[in-house]
Protein chains: 2
Amino acid sequence: MDIKTLCLGILSLGDATGYEIKKMVAEGSLSLFSEASYGSIYPALGKLMEQGLVTCRAMAQDKRPDKKVYSLTEAGRGELTHSLRKDPDPDKNRSEFLAAILFCESVAPERVTTLIQDRIVEHEEKITALEGLLAGEMTPASRFVVEYGIATQKAALKFLQTHQGSLVGAAAKGAAIELKEVDTPAAK
Amino acid sequence: MDIKTLCLGILSLGDATGYEIKKMVAEGSLSLFSEASYGSIYPALGKLMEQGLVTCRAMAQDKRPDKKVYSLTEAGRGELTHSLRKDPDPDKNRSEFLAAILFCESVAPERVTTLIQDRIVEHEEKITALEGLLAGEMTPASRFVVEYGIATQKAALKFLQTHQGSLVGAAAKGAAIELKEVDTPAAK
DNA sequence: TCCAATAGTATCAATGCGATATATATAGTG
DNA sequence: CACTATATATATCGCATTGATACTATTGGA
């Protein structure tokens with residue numbers, strides 16, 4: 001899904017500024033499955049304006065730059081509906097954590113332990129944050145997405161808690177390599 | 001993690017050609033957390049060569065272009081170890097499926113049902129494929145990553161199976177609004 | 001026979017990310 | 001009180017990356 005379609009979708013939930021769109025993809029339920037930078041949002045909104053898929057009204061503000069509130073047009077709603085008619089592409093997941101695990105023969109054994117411990121804490125915090133979201137008012141769809149996020153986070157957490165020992169053997173194997181590595185101060 | 005570091009990590013598992021690197025990130029355990037196109041892999045390998053982090057030997061082949069097999073150098077291994085010393089960035093997950101769910105007021109109610117049904121099948125197929133991987137020979141780290149993938153896939157599958165009904169209310173609500181403007185307040 | 005898949009390397013336009021610039025207000029901290 | 005961080009808000013720029021495509025040749029299946 002390109003950023004233009006993402007913007008159409010967000011605006012289908014209500015009017016918003018570029019800044020608010022950025023906040024929504026960085027926090028809240030949208031953060032579970034999307035991401036976008038200012039460098040993609042503002043040009044996207046500009047193009048959507050040109051295409052007549054959104055409208056924009058400038059709201060003057062005291063001592064602040066004008067707020068540009070974007071709204072979906074009828075054509076924009078139609079375009080969104082059309083885009084969602086296509087079968088969704090498979091999920092794309094990027095994880096530096098899993099990469100570090102897979103390449104663990106190139107890191108110190110105790111580093112692997114730390115990595116997993118930290119990850120467990122992050123999962124716990126993420127779950128708490130998502131459960132906090134559920135306390136507020138939400139649409140059924142938004143609730144569904146957040147609960148989906150909680151379910152997968154909990155599964156990952158449980159896996160790490162029950163399997164963190166299974167990499168010790170591999171880490172020990174890599175220890176010999178690491179000792180040799182430490183002698184060479186080439187890094188940094 | 002940029003593509004250069006990803007290539008270093010992959011080469012730390014064994015020598016490979018650009019084509020093989022692409023296959024590894026598209027299939028196998030690496031596909032669970034990474035992605036890379038030819039347009040990023042070949043330039044990355046070129047830069048790594050310039051930096052002396054990898055070496056390359058051309059293997060002549062019958063009736064095919066030369067195969068360029070890349071190997072990690074000592075410096076390359078050091079650079080990888082150094083990169084992995086940094087705390088991993090948080091995961092980035094993109095899901096057009098979850099987007100479609102969140103924007104479901106812009107799609108037909110029966111479409112939501114289809115979307116979830118199809119997703120359930122995809123999860124089942126993915127789990128089967130990952131379990132197939134476990135049958136072969138694997139390093140402990142690779143096994144860990146694949147089992148992690150299975151655990152999260154199963155959690156997502158179970159969530160969809162047990163919660164697929166919870167969006168029917170929302171979809172029905174949307175349909176009712178289309179048919180008749182006033183309706184009784186929705187009950188959870 | 002013909003099409004799809006496999007095995008390889010490689011490039012390019014368009015897209016998008018990450019950082020940064022520009023202003024100002026408020027809140028927290030030493 | 002000064003200083004720093006955070007929040008509000010728009011916008012641009014260089015660079016990394018994607019997705020598609022080009023080129024060539026073999027193998028396997030319908």
Side-chain angles (χ1 to χ4, degrees), chain A residues 1-8 10 15-28 30-31 33-51 54 56-70 83 86 89-94 96 99, chain B residues 1-8 10 15-28 30-31 33-51 54 56-70 83 86 89-94 96 99:
Chain A
M1 177 177 293
D2 62 19
I3 306 290
K4 282 197 292 183
T5 308
L6 181 65
C7 287
L8 289 179
I10 290 172
D15 294 353
T17 66
Y19 181 78
E20 287 167 343
I21 290 174
K22 169 69 178 164
K23 265 208 326 197
M24 291 171 79
V25 297
E27 309 157 25
L30 274 140
S31 70
F33 61 85
S34 65
E35 199 172 9
S37 61
Y38 289 128
S40 57
I41 291 170
Y42 285 111
L45 289 171
K47 284 173 207 158
L48 291 173
M49 279 281 288
E50 283 175 31
Q51 296 176 256
V54 303
C56 170
R57 62 201 138 89
M59 297 183 72
Q61 294 187 116
D62 258 7
K63 309 273 191 180
R64 283 191 192 286
D66 279 7
K67 194 191 272 192
K68 292 187 181 176
V69 181
Y70 292 88
S83 295
K86 288 181 297 191
D89 281 351
D91 290 12
K92 294 174 184 179
N93 306 303
R94 286 167 181 261
E96 293 201 355
Chain B
M1 176 177 293
D2 61 18
I3 307 291
K4 282 196 292 182
T5 308
L6 182 65
C7 287
L8 289 178
I10 291 172
D15 294 352
T17 65
Y19 181 78
E20 287 166 343
I21 289 174
K22 169 69 177 163
K23 265 208 324 195
M24 291 170 81
V25 296
E27 310 157 26
L30 274 140
S31 70
F33 62 83
S34 65
E35 198 172 12
S37 60
Y38 288 129
S40 57
I41 291 169
Y42 284 113
L45 289 171
K47 284 172 209 160
L48 291 173
M49 278 282 287
E50 284 175 29
Q51 296 176 254
V54 303
C56 169
R57 61 203 138 86
M59 297 184 71
Q61 292 186 115
D62 259 7
K63 311 272 190 180
R64 284 191 194 284
D66 279 7
K67 192 192 276 193
K68 291 185 180 177
V69 181
Y70 293 87
S83 296
K86 288 181 297 190
D89 282 349
D91 290 13
K92 294 174 185 177
N93 305 302
R94 287 167 180 260
E96 293 201 355

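We name chains A, B, ... by the order of the sequence lines, and we start the count at 1 in each one.
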Between B:Glu96 and A:Asp89, what is the shortest heavy-atom contact and its length? OE1-N, 3.1 Å
Across the strands shown, which category fits B:Ser37 at heavy-atom distances under 4.0 angstrom: base, sugar-phosphate, nothing? base
The side chain of B:Lys23 is closest to which nucleotide in this list: C:dA7, D:dA16, D:dT12? C:dA7
Side chain of A:Ser40 (C-beta onward), nearest among C:dC17, C:dT15, D:dT12: C:dC17
Test item: B:Lys22 side-chain N/O and B:Ala36 main-chain N/O as donor-acceptor pair under 3.5 Å: yes
Separation of D:dT8 P from A:Met59 CE (nearest whole Å): 16 Å
Output yes when at least one side-chain N/O atom of B:Arg94 is less than 4.0 Å from OP1 or OP2 of C:dC17, else no. yes
Whole-Å gap separating P (C:dG16) and CD (A:Glu35): 13 Å
Starting at CD of A:Glu20 and ending at P of D:dA11, how long is that distance when rounded to a whole Å? 14 Å
OP1, OP2 of D:dT8 versus side-chain N and O of A:Tyr19: anything below 4.0 Å? yes
Atom CD1 of B:Ile3 and atom P of C:dG18 are separated, to the nearest Å, by 13 Å
Between P of C:dA7 and CD1 of B:Ile41, the distance in whole Å: 15 Å
With a non-hydrogen cut-off below 4.0 angstrom, is B:Ala36 in contact with a base, only sugar-phosphate, or nothing? sugar-phosphate
Using a 4.0 Å heavy-atom cut-off, does A:Lys22 contact any base of the nucleic acid, only the sugar-phosphate backbone, or nothing at all? nothing
Counting only side-chain nitrogens and oxygens, does B:Thr17 get under 4.0 Å of the OP1 or OP2 atom of C:dA7? no
Closest to the A:Lys92 side chain: C:dG16, D:dG19, D:dA9? D:dG19
On the nucleotide D:dA11, are OP1 or OP2 found under 4.0 Å from the side-chain N or O atoms that A:Lys68 carries? yes
Student check: side-chain heavy atoms of A:Leu8 and A:Ser83 closer than 4.5 Å: no
Between C:dG18, D:dT8, C:dA10, which one does the side chain of B:Tyr42 approach most closely? C:dA10
Whole-Å distance between D:dT8 C1' and A:Lys67 NZ? 8 Å
When rounded to whole Å, the CD to P distance for the pair A:Glu27 and D:dT8 reads 8 Å
Distance in angstrom units between B:Tyr38 OH and D:dA20 C1', rounded: 13 Å
Pick from A:Leu30, A:Leu45, A:Ile3: which one makes a side chain to side chain contact (heavy atoms under 4.5 Å, CB included) with A:Ile21? A:Leu45
Side chain to side chain, A:Val54 and A:Met49, heavy atoms closer than 4.5 Å: yes
Whichever of A:Lys4 and B:Gly18 has its nearest DNA chain C nucleotide further upstream toward 5': B:Gly18
